*Asks:* 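I'd like to ask you about the structure that follows.
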Amino acid sequence: MLGLVLTLAAIVRVRESLRTPPWFDEIYIIMVARQGFLEVLRTVSLDIHPPLQFLLRWAWIRLGGDGEQWLRSLSILLALLSLVWTWRLGRRLFGPFPAVFAVALLAVHPTHVLYSLEIEDY
């Protein structure tokens, strides 16, 4: 059952990812992460944002390129992992059915879906 819910969550997020253009902060992160590692560190040291997202994106770009959908795939992957962690916690605290129900609700919750698409990691 969890696999079915995760598949649904992935489909919803990929569909929305294809329909949503990047916004300014995402474009800025992409531009910074495209630079060399030392230049990323220098730029991040002058920025107000936490540096981890830039370093994660830098590594992700080196792994698979700097395409918008590829960069969003990291956020989608992390969001799907958060659903697995929610299921594990729910199963431990309340049992298997409430855990799957909670994950199903979170899988289609509009706020979770939108934040799952952000290139900027929250």
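Side-chain atoms are counted along with the backbone in the values below, which use heavy atoms only and exclude waters and symmetry mates. Please read all numbers here as calculations on a predicted model, not as lab measurements.
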*Asks:* How far does CG of Leu77 sit from CG of Leu81, to the nearest 0.5 angstrom?
*Replies:*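 One gets 5.0 Å once the value is rounded to the nearest 0.5 Å.
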*Asks:* Let me confirm one number: the CG-CG distance from Leu83 to Leu8, rounded to the nearest 0.5 Å.
*Replies:*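 Spacing of CG (Leu83) from CG (Leu8) equals 10.0 Å.
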*Asks:* Could you check whether any side-chain N or O of Ser75 sits under 3.5 Å from a backbone N or O of Glu118, counting only pairs where one atom can act as donor and the other as acceptor?
*Replies:*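 Side chain of Ser75 to backbone of Glu118: a pair is present.
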*Asks:* Give, for atom CG of Leu117 and atom CH2 of Trp23, the distance between the pair rounded to the nearest 0.5 Å.
*Replies:*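 The CG atom of Leu117 sits 12.5 Å away from the CH2 atom of Trp23.
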*Asks:* Mind checking what makes side chain to side chain contact (heavy atoms under 4.5 Å, CB included) contact with Leu93, not counting sequence neighbours?
*Replies:*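 Testing Leu93 for side chain to side chain contact (heavy atoms under 4.5 Å, CB included), a comparison that skips the adjacent residues, returns Leu89.
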*Asks:* Of all the heavy-atom pairs spanning Arg42 and Leu46, show the shortest one and how long it is.
*Replies:*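 That would be NH1-CD1, 3.3 Å.
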*Asks:* Run the side chain to side chain contact (heavy atoms under 4.5 Å, CB included) test against Val40 and tell me which residues pass, sequence neighbours left out.
*Replies:*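 Testing Val40 for side chain to side chain contact (heavy atoms under 4.5 Å, CB included), a comparison that skips the adjacent residues, returns Val32, Gln35, Val44, Phe54, Leu55, Trp58.
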*Asks:* Quick check on the hydrophobic clustering: are Ile11 and Val103 connected, directly or via other members, by side-chain heavy-atom contacts under 4.5 Å?
*Replies:*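 Hydrophobic grouping puts Ile11 apart from Val103.
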*Asks:* Would you tabulate the side-chain donor-acceptor contacts of residues 13-22 under 3.5 Å, counting partners in other chains and residues two or more places apart, or write 'none'?
*Replies:*
residue, atom, partner, partner atom, Å
Arg13, NE, Ser116, OG, 3.0
Arg13, NH1, Ala9, O, 3.1
Arg13, NH1, Ala107, O, 2.7
Arg13, NH2, Ala107, O, 3.3
Arg13, NH2, His112, ND1, 2.6
Ser17, OG, Gln69, OE1, 2.5
Thr20, OG1, Glu16, O, 2.7

*Asks:* Taking the side chain as every heavy atom from C-beta outward, state whether Ile30 and Leu71 have any pair of such atoms under 4.5 Å apart.
*Replies:*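 A side-chain contact under 4.5 Å exists here.
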*Asks:* Following the transitive rule for hydrophobic clusters with a side-chain heavy-atom cut-off under 4.5 Å over Ile, Leu, Val, Met, Phe, Trp and Tyr, establish whether Leu78 and Leu2 coincide in one cluster.
*Replies:*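 No, it is not one cluster - the side chains of Leu78 and Leu2 are not joined through contacts under 4.5 Å.
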*Asks:* Show every ring-ring contact (aromatic ring centres under 6.0 Å, His included) that has at least one partner inside residues 76-102, sequence neighbours left out.
*Replies:*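 Those involving residues 76-102 do not exist here.
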*Asks:* Hydrophobic cluster membership, with links at side-chain heavy-atom distances under 4.5 Å among I/L/V/M/F/W/Y: are Leu106 and Val84 in one?
*Replies:*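 In one cluster with Leu106: Val84, yes.
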*Asks:* Under the salt bridge (charged side-chain N to carboxylate O under 4.0 Å, His left out) definition, can you give me all pairs with a residue in residues 80-100, not counting sequence neighbours?
*Replies:*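 Not a single pair qualifies under salt bridge (charged side-chain N to carboxylate O under 4.0 Å, His left out).
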*Asks:* Do Leu6 and Leu74 share a hydrophobic cluster, counting only Ile, Leu, Val, Met, Phe, Trp and Tyr and linking them when any side-chain heavy atoms are less than 4.5 Å apart?
*Replies:*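 Not linked; separate clusters.
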*Asks:* Can you pull out every salt bridge (charged side-chain N to carboxylate O under 4.0 Å, His left out) where at least one residue sits in residues 61-86? Sequence neighbours excluded, please.
*Replies:*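 Counting only pairs at least two positions apart or across chains, the salt bridge (charged side-chain N to carboxylate O under 4.0 Å, His left out) contacts touching residues 61-86 are Glu26-Arg72, Arg34-Asp66, Glu68-Arg72.
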*Asks:* So if you build clusters from Ile, Leu, Val, Met, Phe, Trp, Tyr with side-chain heavy-atom gaps below 4.5 Å, do Met1 and Val108 land together?
*Replies:*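 No, separate clusters.
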*Asks:* Could you check whether any side-chain N or O of Trp60 sits under 3.5 Å from a backbone N or O of Trp70, counting only pairs where one atom can act as donor and the other as acceptor?
*Replies:*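 Checking the backbone N and O of Trp70 against the side chain of Trp60, a donor-acceptor pair under 3.5 Å is found.
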